[in-house]
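Working notes, beginning with the structure itself.
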Protein chains: 2
Amino acid sequence: MKTTGRRRAEHDEEGAQSRILHAAEELFANSGIDGTSVRQIAEKADVPVGLINYYFGSKEGLYRAIFQARAPVVVEERRVGLAMAAMEDDPRRRLEMIVKAILVPMLNLRSREGINHFSLLLARETGDPRSTERGILQEMFDPIAREIIGQLKLIWPQRSDAEVHWAYQMIIGVMIFIMADGGRITRLSEGRADPENVDDTLRIVVPLLLNGLASG
Amino acid sequence: MKTTGRRRAEHDEEGAQSRILHAAEELFANSGIDGTSVRQIAEKADVPVGLINYYFGSKEGLYRAIFQARAPVVVEERRVGLAMAAMEDDPRRRLEMIVKAILVPMLNLRSREGINHFSLLLARETGDPRSTERGILQEMFDPIAREIIGQLKLIWPQRSDAEVHWAYQMIIGVMIFIMADGGRITRLSEGRADPENVDDTLRIVVPLLLNGLASG
DNA sequence: CATTAATTTGAACAAGTGATCAATCATGTT
DNA sequence: AACATGATTGATCACTTGTTCAAATTAATG
């Protein structure tokens with residue numbers, strides 16, 4: 001058989017392959033791909049070093065595997081939210097639903113089971129110039145990005161392409177920044193603004209995005 | 001004497017110390033502090049490896065030195081812009097001037113003389129969880145951040161602290177995201193949105209921030 | 001010129017890097 | 001039991017890492 005292996009019983013009820021993925025996700029998120037060694041990952045996952053290359057081929061292979069495991073979930077949630085938005089008639093409501101379709105799947109990751117680290121990792125990858133060479137974001141996120149931008153164009157037929165694209169990038173930028181925050185927001189606000197609190201964050205940030213800074 | 005040294009004449013009319021700073025800035029921006037080796041820096045700056053530790057003590061010392069050279073310039077420009085904004089009576093105009101005081105000093109770096117790399121570097125540092133340990137951002141940017149937030153509170157006396165802080169973070173988030181972009185914005189928009197073009201970017205992004213996505 | 005101090009140089013060091021691989025182990029199948 | 005198959009192990013490889021340092025070089029001073 002291929003699926004079971006040595007019928008997992010010796011460790012924390014979690015297969016070695018999965019333990020490696022989780023350990024790597026956390027370490028990569030906190031220290032980046034260059035700041036993390038395979039030996040650190042092996043130690044955290046409690047596996048011998050060799051096993052990492054056995055399963056994932058290389059360090060970068062492991063890096064990609066994390067995205068291949070996580071990205072489709074986020075993308076699918078976004079696609080669902082986008083489809084629901086498309087059924088809404090009122091353009092104002094439709095816009096709000098699109099914005100939430102972008103933000104919610106990622107913000108939820110921050111407070112869900114041990115998955116908090118992927119949002120950090122994705123933010124890191126987005127800010128890395130060498131991300132282009134790896135092509136992970138192109139491959140996994142460009143398609144849904146184009147779908148969203150297409151929907152935005154339907155809402156704003158009178159706006160230029162540049163304006164629509166900048167509006168989209170502004171939403172993504174705010175999301176990434178919230179995801180990537182390692183405590184600075186909480187520190188500066190002395191706890192009054194806290195990204196961990198998804199409900200409060202959405203309640204304040206979504207209107208800010210929709211209405212801008214000037215109004216309300 | 002301590003200032004002159006060997007009266008610079010042998011290389012590109014630029015002192016070794018300065019060449020190291022410039023080379024390191026570019027490499028750190030593109031590959032991060034962990035993805036860059038002191039030997040790469042030494043080669044790019046055309047100096048022997050030992051000289052880097054002689055001048056800057058350590059790799060991290062060099063990293064800090066870059067911020068110590070650049071940050072005060074940006075902070076001072078922001079302070080000037082903020083002071084000008086404080087003299088404006090109309091709250092709407094004052095808000096716009098504050099937003100520009102935040103954005104313009106950094107966006108200009110992208111298109112000025114070879115300094116483009118610092119904006120990338122700052123974006124990277126902002127997104128790095130280990131940035132807290134280094135304390136560079138606390139030390140150099142928290143003061144001006146508090147000043148700006150104070151000004152925003154004067155504009156919005158009726159808003160909660162959390163709302164004001166989130167509004168500030170939203171401005172910073174958009175700025176960082178634009179600075180950090182390594183081509184994804186241009187690629188997705190097929191050139192119609194281009195962060196290199198500061199004037200167009202400001203013309204579109206500032207109203208988007210001020211008026212939000214819904215209006216205009 | 002002699003002295004002193006600052007700078008420059010590249011070799012050397014210990015520790016760590018990602019990757020490889022023969023050997024061992026566990027398991028299910030015949 | 002015998003075999004096959006995939007999983008596991010840790011020693012080992014060739015390099016690279018940041019840092020140190022004695023020696024060489026250069027410049028300023030008396």
Side-chain angles (χ1 to χ4, degrees), chain A residues 1-28 30-66 128 130 133-134 136, chain B residues 1-28 30-66 128 130 133-134 136:
Chain A
M1 281 293 144
K2 192 185 188 177
T3 48
T4 48
R6 54 154 69 183
R7 238 180 59 268
R8 83 268 304 269
E10 52 276 351
H11 272 295
D12 313 55
E13 200 58 40
E14 197 187 1
Q17 206 163 343
S18 169
R19 286 206 315 283
I20 294 172
L21 277 169
H22 281 96
E25 185 175 45
E26 179 171 347
L27 289 168
F28 282 153
N30 285 323
S31 304
I33 187 171
D34 290 316
T36 306
S37 72
V38 293
R39 265 164 259 260
Q40 283 172 18
I41 299 169
E43 197 187 9
K44 193 174 187 72
D46 195 25
V47 297
V49 275
L51 210 54
I52 288 177
N53 284 319
Y54 172 72
Y55 276 132
F56 302 100
S58 68
K59 187 183 176 180
E60 180 165 330
L62 170 56
Y63 190 79
R64 306 185 92 88
I66 295 170
D128 187 351
R130 295 184 308 173
E133 301 164 25
R134 288 190 280 267
I136 293 176
Chain B
M1 280 292 140
K2 192 185 187 177
T3 48
T4 48
R6 54 154 68 185
R7 238 180 59 269
R8 83 268 301 271
E10 53 275 351
H11 271 296
D12 314 53
E13 200 59 38
E14 197 188 1
Q17 205 163 343
S18 169
R19 285 207 314 283
I20 293 172
L21 277 168
H22 282 96
E25 184 176 46
E26 179 171 349
L27 289 168
F28 283 153
N30 285 324
S31 304
I33 187 171
D34 290 317
T36 305
S37 72
V38 294
R39 263 164 260 261
Q40 284 171 16
I41 298 169
E43 197 187 11
K44 192 174 188 73
D46 195 24
V47 297
V49 276
L51 208 55
I52 289 177
N53 283 321
Y54 173 71
Y55 276 131
F56 302 99
S58 68
K59 188 183 176 180
E60 180 164 330
L62 169 57
Y63 190 78
R64 307 185 91 89
I66 296 170
D128 187 352
R130 295 184 308 172
E133 301 164 25
R134 287 189 282 267
I136 294 176

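Given the structure is predicted, the values throughout are model-derived calculations rather than measurements. So that the names make sense, note that chain A is the first sequence line, chain B the second, and so on, each numbered from 1.
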Side-chain donor-acceptor distances from residues 49-56 of chain B under 3.5 Å, at least two apart:
none

N/O donor-acceptor pairs under 3.5 Å from side chains in residues 36-45 of chain B, not counting sequence neighbours:
{"from": "B/Thr36", "atom 1": "OG1", "to": "B/Leu27", "atom 2": "O", "distance (Å)": "3.1"}
{"from": "B/Thr36", "atom 1": "OG1", "to": "B/Gly32", "atom 2": "O", "distance (Å)": "2.8"}
{"from": "B/Ser37", "atom 1": "OG", "to": "B/Gln40", "atom 2": "N", "distance (Å)": "3.1"}

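Between A/Asn30 and B/Arg130, the shortest heavy-atom distance links the atoms O-CG, 3.7 Å.
Contacts classified as salt bridge (charged side-chain N to carboxylate O under 4.0 Å, His left out) and involving residues 48-63 of chain A (residues at least two apart or in different chains) are given here: A/Glu60-A/Arg64.
Atom CG of A/Asp46 and atom P of D/dG10 are 10 Å apart (whole Å). A straight line from CZ of B/Phe56 to P of D/dT19 spans 13 Å, rounded to a whole angstrom. The CD1 atom of B/Ile52 sits 14 Å away from the C1' atom of D/dT20 (whole-angstrom rounding). The nearest whole Å value for the distance from the CD1 atom in A/Ile20 to the C1' atom in D/dT8 is 11 Å. Separating the CD atom of B/Gln17 from the C1' atom of C/dT9 is a distance of 17 Å, rounded to the nearest angstrom.
In this structure B/Ser18 satisfies the side-chain hydrogen bond (donor to acceptor under 3.5 Å, both in side chains) test together with B/Glu14, B/His22, sequence neighbours excluded.
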Report summary line: Heavy-atom contacts, protein to nucleotides 17-24 of chain C, under 4.0 Å, summarised as B (base), S (sugar-phosphate only) or - (none) per nt, yield BBBB----
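Remark: A/Asp34 CG to A/Asp128 CG distance equals 8.0 Å, nearest 0.5 Å.
In terms of phosphate contacts, B/Tyr55 brings a side-chain nitrogen or oxygen within less than 4.0 Å of OP1 or OP2 of C/dT8.
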